[in-house]
Amino acid sequence: MKTSKVESLFPDVTALWGEDKITAFQMEFLEWYERTRRDLPWRENSDPYRVWVSEIMLQQTQVVTVIPYFYRFMEWFPTIADLAEAEEEKLLKAWEGLGYYSRVRNMQKAAQQLVADYDGKMPNTIEEISELKGIGPYTAGAISSIAFGLPEPAIDGNVMRVFSRLFELDADIAKPSSRKVFDHVVRQVMPHQDPSSFNQAIMDLGATVCMPKTPTCESCPLSAYCQSYEKGTMLNFPVKSKKVKSKPVYYVAHVIKNNSGEYVLEQRPETGLLANLWTFPLVEVTKEAYDKLNVEATKESRQLELIAEDSPSYISVLKEQETCPTVWQTKPVGEVTHIFSHLKWHISIGYGQVERADYSLTDRQKWVPADQFSEYPFPKPQQKMVELLSGTGYL
DNA sequence: AATGCGGGGAT
DNA sequence: ATCCCAGCATT
C-alpha cells in the first residue's frame with residue numbers, strides 16, 4: 001500500500017491502528033495518568049479561574065518555577081473581579097521575576113472583559129474563550145478541556161514532542177503551520193469521555209518521561225505504541241529548525257544617590273521590553289566604550305574615590321548624560337549581565353552623588369530610599385544590580 | 001511567516 | 001554555552 005505525501009504529513013491513525021488499538025491506547029494512557037499524575041496546586045479542582053491563571057503562568061515557564069507564583073497570585077487576587085480591579089503596580093509585583101509581563105496585563109484585560117460581558121465568569125465554549133486577550137489556540141484548548149471537559153486538543157511543545165515521536169512526524173515544530181498537523185492527529189486519538197485527563201497526561205508524560213534530550217522510554221506507558229521507540233529514532237524527533245543568537249547590548253547604569261540617601265529609579269516605557277518596570281537609569285553605550293570601562297575597572301582597585309575634573313573615559317561617558325553637578329566615582333562599581341531570549345545585556349554600574357535640589361527628575365523618574373525598593377517591580381537585571389550594590393556596601 | 005517578548009532548569 | 005519550557009500579539 002503506498003502512501004501519498006499528504007497522508008504521511010497527516011497520518012490517518014484510524015487506518016493505521018484501527019478502533020480497537022486506539023481504544024486500548026486511550027485506556028492504558030489514562031490509567032497511567034491516574035496512577036502517576038503529579039499533585040499540582042491547580043489540580044485541586046477544575047475551577048476555570050485557577051486553570052486559566054495556571055495556564056498563563058505556565059506559558060514558556062516550567063512547573064517548578066510557577067508553583068510559588070500561583071499560590072501568591074490566588075491569595076492576592078482570589079476572584080476574577082479582584083484581578084479586574086487590581087492596581088497595575090500590584091499586578092506587576094505579583095509577576096515580578098516570572099517574565100513575559102504582557103501576560104499579566106492581558107490577563108487583567110481579559111478579566112475586565114469577563115466582568116463586563118460574562119458576569120465575571122469564564123464562558124464555556126472555545127469560541128468565546130478564544131476571544132479573550134492573551135488566550136491563543138493552546139490556552140483556549142487547555143481551558144476548554146481541563147475546566148469544561150470539552151474534547152479540544154491543547155497543542156504545545158510537549159504534545160508536539162510526544163506525537164512527533166509516536167508517529168515519526170517530521171513536521172518542523174518551529175513553523176506555526178505545523179500546528180495543524182498535530183491538531184489533526186491528536187483529535188483522532190483523544191478520548192471524548194475525558195479530554196481533561198488526556199491532555200494533562202500528555203503534559204506529564206512530556207515533562208517526566210518523553211523528555212527532549214533524555215527520554216526514559218523503558219518507563220513509558222506508550223512505548224508499545226511508539227513508532228520512534230520501535231526504530232530507536234527518539235532523538236531525531238521533534239524536528240525543529242531555528243535558533244538565533246542573542247545580540248549583545250551595552251549599558252551604563254547610573255546609580256545616583258542624593259544627600260538624603262535616596263536613589264534615582266526610572267520607570268521603563270509603557271511598551272516594549274520590560275514595559276513599566278523600574279530600574280536605575282540605563283544609558284546605552286557602544287561596545288568600544290563599554291570595553292574601555294571594564295578594562296579600567298579591573299586594572300585598579302574598587303575603593304570609593306571621589307573626583308571631579310580630568311576624568312578618564314568612564315567619567316566622560318557618564319558626563320554626557322549629566323544634568324547637574326555630580327561627583328562620580330572614578331571606576332565602575334561592577335558589572336552585571338543578563339540573557340534574554342533575543343539579546344544579552346551588559347551593564348556597567350556607575351555611582352555618583354548629587355545634591356537633591358540640583359537634580360531635576362524626568363517624568364518617569366523618582367527618588368526612592370533603598371528600603372522602599374521592594375515596593376517596586378524590578379526586572380531581573382535590576383535585582384542583580386541591587387544585589388551587587390548591597391554586597392559591596394553601596395546601598 | 002517572522003519577530004519581540006523573560007527567566008530559569010537541565011545538560 | 002545551548003536547548004527547552006503547559007505561547008501569544010503584532011507586523
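Remember, predicted model here, so these are calculated numbers, not experimental data. Here is the naming used below: chain letters follow the sequence lines, and residue numbers restart at 1 for every chain.
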* With the side chain counted from C-beta on, respond yes when A:Leu30 and A:Glu34 share a heavy-atom pair under 4.5 Å apart, and no when they do not. => no
* **Listed nucleotide nearest any side-chain atom of A:Thr139, set C:dA6, C:dC8, B:dT11** => C:dC8
* Asked: Given atom CG of A:Asn276 and atom C1' of B:dG6, what is their separation to the nearest angstrom?
  -> 16 Å
* **Residue mapping more 5' on DNA chain C - nearest nucleotide basis, A:Gly134 or A:Lys344** => A:Lys344
* Structure fact -> Winner on side-chain proximity to A:Arg161, out of B:dG9, C:dA6, B:dG7, is C:dA6
* Side chain of A:His342 only, please: which of B:dG6, C:dC8, B:dC5 is the nearest? => B:dC5
* Asked: Is the backbone N or O of A:Ala84 less than 3.5 Å from a side-chain atom of A:Gln112, with the two atoms forming a donor-acceptor pair by type?
  -> yes
* Asked: Does a side-chain N-to-carboxylate-O contact under 4.0 Å join A:Glu96 and A:Lys93?
  -> yes
* Asked: When you measure from every atom of DNA chain C, which of residues 35-58 of chain A have a heavy atom less than 4.0 Å away?
  -> A:Arg38, A:Leu40, A:Trp42, A:Arg43, A:Glu55, A:Leu58
* To do: Select one nucleotide: of C:dC4, C:dC3, C:dC8, the one nearest the side-chain heavy atoms of A:Gln62.
  => C:dC4
* Structure fact -> Testing B:dG9, C:dC8, B:dG7 for proximity to the side chain of A:Pro381, the answer is B:dG7
* Heavy atoms under 4.0 Å, any strand shown: does A:Gly97 hit a base, just sugar-phosphate, or nothing? -> sugar-phosphate
* Which whole number of Å gives the distance between the C1' atom of C:dC8 and that of B:dG9? -> 22 Å
* Asked: Between A:Phe163 and A:Phe182, does the ring centre distance come in under 6.0 Å?
  -> no
* To do: Select base, sugar-phosphate, or nothing to describe what A:Val63 touches, counting heavy atoms under 4.0 Å on all strands.
  => base
* Under-4.0 Å salt bridge between A:Arg43 and A:Asp39 -> no
* Asked: Starting at the 5' end of DNA chain B, which residue's closest nucleotide do you reach first, A:Gly99 or A:Ser177?
  -> A:Ser177
* **C1' atoms of C:dC5 and B:dC5, separation to the nearest Å** => 15 Å
* Structure fact -> Closest to the 5' end of DNA chain B, once A:Gln60 and A:Lys175 are matched to their nearest nucleotides, is A:Lys175
* Structure fact -> With the side chain defined as heavy atoms from C-beta on, A:Thr65 is closest, among C:dC4, B:dG9, C:dG7, to B:dG9
* At under 4.0 Å between heavy atoms, what does A:Leu98 touch on the DNA or RNA strands: base, sugar-phosphate, or nothing? -> base
* To do: Please measure how far the C1' atom in C:dC3 lies from the corresponding atom in B:dG6, and state the result in whole Å.
  => 16 Å
* Nearest to the side chain of A:Pro379, which nucleotide is it out of B:dC5, B:dG7, C:dC5? -> B:dG7
* Structure fact -> Per atom distances to the A:Asp156 side chain, the nearest of B:dG9, C:dC3, C:dG7 is C:dG7
* Name the nucleic acid region contacted by A:Ser341, choosing base, sugar-phosphate or nothing; use a 4.0 angstrom heavy-atom cut-off, strictly under. => base
* Does A:Thr79 offer a backbone N or O that forms a donor-acceptor pair with the side chain of A:Asp82 under 3.5 Å? -> yes
* Asked: With a 4.0 Å cut-off, would you call A:Lys366 and A:Glu266 a salt bridge?
  -> no
* Single hit among A:Trp32, A:Trp17, A:Phe167 for ring pair (Phe, Tyr, Trp, His ring centres under 6.0 Å) with A:Phe25 -> A:Trp17
* To do: Would you mind classifying the nucleic acid contact of A:Phe340 as base, sugar-phosphate or nothing, using non-hydrogen atoms under 4.0 angstrom?
  => sugar-phosphate
